[in-house]
Amino acid sequence: MINLTHKNTLIVIAGPTGIGKTALAIDVAMHFNTEIVSADSRQFYKELKIGAAFPNRKELSAVKHHFIGNLSITDEYNVSKYEQDALQTLETIFTTQTTAVLVGGSGLYLDAVCKGIDELPDPDPELRESIKTLFYENGITALQSKLKLLDPEYYNQVDRDNPKRLMRAIEVCITTGKTYTSLRLSNPKPRDFNIIKIGLFTDREVMYWRINQRTDKMIKDGLIDEAFSLLSFRNYNALNTVGYKELFNYFDKTLTLEEAIDKIKINTRRYAKRQLTWFNKDKNIIWIDINNIKNIYDVLNF
RNA sequence: GGCGUCGUAGCUCAGUUGGUAGAGCAGAGGACUGAAAAUCCUUGUGUCACUGGUUCAAUUCCAGUCGAUGCCA
């Protein structure tokens with residue numbers, strides 16, 4: 001049992017994909033008669049209903065959800081915008097409620113709400129293009145030597161073979177005229193609500209079995225048609241997503257349908273593992289076995 | 001039934017002119033600040049099918065057995 005002050009409370013529900021976060025969030029939100037804020041970086045996009053495992057119609061009508069299908073795949077969006085949007089939504093919810101539910105599998109997005117992220121510039125599309133061009137034409141070593149000049153300290157810390165991170169750091173240095181290191185403070189921002197973090201887990205075997213089942217169900221529910229209808233948008237970041245990229249390869253005939261489905265399962269498992277790596281680092285998470293899910297109300301009995 | 005080919009890591013296979021073996025994939029672990037379902041890093045001991053024989057030494061050569069597969073009947 002957790003002793004809380006008079007402040008409002010945010011109940012965070014985290015965990016790997018397919019573990020049952022959606023159903024639990026709805027249960028908890030109904031219990032507290034409140035609303036749900038989603039922190040799933042793919043459920044934002046209204047075109048990804050099947051592949052991003054949207055809550056179904058019944059679930060959506062049972063509890064008010066925020067950030068489900070609120071964007072289009074062609075929209076530009078990022079964690080920083082999400083942080084602002086989510087905080088504003090929470091503020092609104094807290095005008096009438098003392099409790100709110102935040103649920104999702106995107107660790108970075110969850111953290112953005114819970115502790116904020118540093119003040120950094122949004123990407124400048126033109127600059128980003130030119131840095132990409134540098135990379136495509138001259139390779140990773142060009143990025144490395146550029147970053148070494150701009151921010152030797154960060155250069156010594158980054159995973160230097162990771163083009164995305166090198167590019168972002170270079171981009172920040174150029175647009176601000178400062179080093180990325182000097183801006184990357186990792187200072188948690190104070191929030192004026194209490195946070196209780198719940199993590200859902202189960203045996204690895206069961207988790208993988210659930211993922212496989214869910215993938216097969218998505219296919220049955222029409223994932224192939226959904227992906228096919230989005231084929232012409234494949235270059236948008238929102239479609240660099242498990243479930244779609246593999247089916248695009250099937251449409252390209254570089255994979256058979258069976259291979260594509262297997263690949264979706266494999267990539268989903270890996271995604272789940274990466275999520276666990278992220279969440280396991282967070283010592284504030286109270287872990288609950290999905291077989292004893294009702295225990296959550298002992299934890300939340302405040 | 002005869003002849004041939006194959007049987008090595010969870011899977012697909014490489015290799016050892018005889019000194020007990022290595023890739024890809026899968027799996028495992030990790031990182032993570034405006035692309036995050038993204039991106040990146042680390043990680044390979046297994047009765048070399050079984051039983052005998054030759055040999056200082058066999059997964060490797062020989063014989064037999066079993067299993068797979070192809071061709072002929």
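All values below were derived from every heavy atom in this structure, side-chain atoms included, with hydrogens, water molecules and symmetry-related copies excluded. The chains referred to below are lettered A, B, ... by the order of the sequence lines, with proteins before strands, and numbering in each begins at 1.
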Can you check nucleotides 23-26 of chain B for protein contacts, nitrogen or oxygen pairs under 3.5 Å, and list what you find?
from	atom 1	to	atom 2	distance (Å)
B/A26	OP1	A/Arg270	NH1	3.3
B/A26	OP1	A/Arg270	NH2	2.8
B/A26	OP2	A/Arg270	NH2	2.7

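In terms of phosphate contacts, A/Tyr82 brings no side-chain nitrogen or oxygen within less than 4.0 Å of OP1 or OP2 of B/A35. Listed pair A/Thr277 / B/G30 meets the phosphate criterion, a side-chain N or O lying under 4.0 Å from OP1 or OP2. For A/Asn240, no side-chain nitrogen or oxygen approaches OP1 or OP2 of B/A36 to under 4.0 Å. Taking 4.0 angstrom as the limit, A/Arg128 places a side-chain polar atom (N or O) nearer than this to OP1 or OP2 of B/A35. Considering only side-chain N and O atoms, A/Tyr271 lies nowhere under 4.0 angstrom from the phosphate OP1 or OP2 of B/U39.
Look at CZ on A/Arg165: it is 12 Å from C1' on B/G30, rounded to the nearest Å. What separates CD1 of A/Ile140 from P of B/U39 is a distance of 13 Å, to the nearest Å. Between the CD atom of A/Gln275 and the C1' atom of B/A36 there is a distance of 10 Å, rounded to whole Å. Between A/Leu147 atom CG and B/U39 atom C1' the separation is 16 Å, expressed in whole Å. If you take CZ of A/Arg204 and C1' of B/A28, they are 8 Å apart, rounded to a whole angstrom. The distance from atom CG of A/Leu108 to atom C1' of B/A36 is 6 Å, rounded to the nearest whole Å. In this structure, CD1 of A/Ile117 is placed 7 Å from P of B/G34, rounded to the nearest angstrom. Distance A/Lys81 NZ to B/A36 C1': 15 Å, rounded to the nearest Å.
Distance from the side chain of A/Trp278 is smallest for B/C32 among the nucleotides B/G34, B/C32, B/A35. Between B/G30, B/G34, B/G27, one nucleotide has an atom nearer to the side chain of A/Ser80 than all others, and that is B/G34. Closest to the A/Arg168 side chain, of the nucleotides B/G34, B/C40, B/G27, is B/G34. When distances are taken from the side chain of A/Asn237 to each of B/G34, B/A35, B/A31, the shortest belongs to B/A35. Picking from B/A35, B/C40, B/C32 the nucleotide with the shortest atom distance to the side chain of A/Asp161 gives B/C40.
Among the atoms of the strands shown, none is found under 4.0 Å from any heavy atom of A/Tyr45. The residue A/Tyr244 sits apart from the nucleic acid: no heavy atom pair falls under 4.0 Å. Within 4.0 Å of A/Ser106, counting heavy atoms only, lie sugar-phosphate atoms of the nucleic acid but no base atom. Contacts of A/Leu185 with the nucleic acid, taken as non-hydrogen atoms under 4.0 Å apart, include base atoms. Among the heavy atoms of the strands lying under 4.0 Å from A/Ala52 is at least one base atom, whether or not backbone atoms are also near. In this structure, A/Tyr109 reaches the sugar-phosphate backbone alone: every heavy-atom distance under 4.0 Å involves primed, P, OP1 or OP2 atoms, never a base. Using a 4.0 Å heavy-atom cutoff across all strands shown, A/Gly51 reaches at least one base atom of the nucleic acid. Nucleic acid contact for A/Lys115: none, since no nucleic acid atom lies under 4.0 Å from a heavy atom of the residue.
Salt bridge status for A/Glu83 with A/Lys189: present, with a side-chain N to carboxylate O gap under 4.0 Å. With respect to the salt-bridge test (charged N to carboxylate O, under 4.0 angstrom), the residues A/Asp252 and A/Arg234 qualify. By the 4.0 Å N-to-carboxylate-O rule, A/Lys197 lies close enough to A/Asp282 to be salt-bridged with it. In summary, A/Lys49 and A/Glu226 do not engage in a salt bridge, as defined by a charged side-chain N under 4.0 Å from a carboxylate O. At a threshold of 4.0 Å, the pair A/Asp221-A/Lys217 counts as salt-bridged, since one of the basic side-chain nitrogens sits closer than that to a carboxylate oxygen.
In this structure A/Asp159 satisfies the side chain to side chain contact (heavy atoms under 4.5 Å, CB included) test together with A/Asn162, A/Arg165, sequence neighbours excluded. A/Lys265 pairs by the side-chain hydrogen bond (donor to acceptor under 3.5 Å, both in side chains) definition with A/Asp216, not counting sequence neighbours.
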Q | Nucleotide pairing, RNA chain B (Watson-Crick or G-U, distances under 3.5 Å), in dot-bracket with [ ] and | | A | (((((((..((((.....[..)))).(((((.......))))).....(((((..]....)))))))))))).
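Only the C1' atoms considered, B/G44 is 12 Å distant from B/G24, to the nearest whole Å. Distance noted for atom C1' between B/U45 and B/A23: 16 Å (whole Å). B/G18 and B/U12: their C1' atoms are spaced 27 Å apart (whole Å). B/U20 and B/U59 have their C1' atoms separated by 7 Å, with the value rounded to a whole Å. Using atom C1' as the reference point in both B/G10 and B/U16, the two lie 24 Å apart (nearest Å). B/A26 sits 27 Å from B/G34 when the P atoms are compared, rounded to a whole Å. Taking atom P on both nucleotides, B/C6 is separated from B/U42 by 37 Å, rounded to a whole Å. Rounded to a whole angstrom, the distance from the C1' atom of B/G46 to that of B/G22 is 11 Å.
The hydrophobic cluster containing A/Val158 also includes A/Leu120, A/Leu127, A/Ile131, A/Leu134, A/Phe135, A/Tyr136, A/Ile140, A/Leu143, A/Leu147, A/Leu150, A/Tyr154, A/Tyr155, A/Leu166, A/Met167, A/Ile170, A/Val172, A/Ile174, A/Tyr180, A/Leu183, under a criterion of side-chain heavy atoms closer than 4.5 Å among ILVMFWY residues, counted directly or through chains of members.
When each of A/Thr241 and A/Asp159 is assigned the nucleotide of RNA chain B bearing its nearest heavy atom, the one mapping closer to the 5' terminus is A/Thr241. Between A/Met218 and A/Glu171, it is A/Glu171 whose nearest contact on RNA chain B lies nearer the 5' terminus.
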Q: With side-chain hydrogen bond (donor to acceptor under 3.5 Å, both in side chains) as the test, would you mind laying out the steps for A/Ser72 and A/Glu47 before giving the verdict?
A: CA-CA 7 Å; A/Ser72 165; A/Glu47 295 89 345; 2.7 Å; yes
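B/G34 has its base syn relative to the sugar, with a glycosidic angle deviating from 0 by at most 90°.
For the atom pair OG1 of A/Thr215 and CG of A/Asp262, the computed distance is 10.0 Å after rounding to the nearest 0.5 Å.
When ring centroids are compared, A/Tyr45 and A/Tyr77 stay outside the 6.0 Å threshold.
Residue pairs meeting the salt bridge (charged side-chain N to carboxylate O under 4.0 Å, His left out) criterion with at least one partner in residues 14-28 of chain A, sequence neighbours excluded, are A/Asp27-A/Lys294.
Contact detail for A/Ala29 and A/Ile36: the closest heavy-atom pair is CB-CG1, 3.7 Å.
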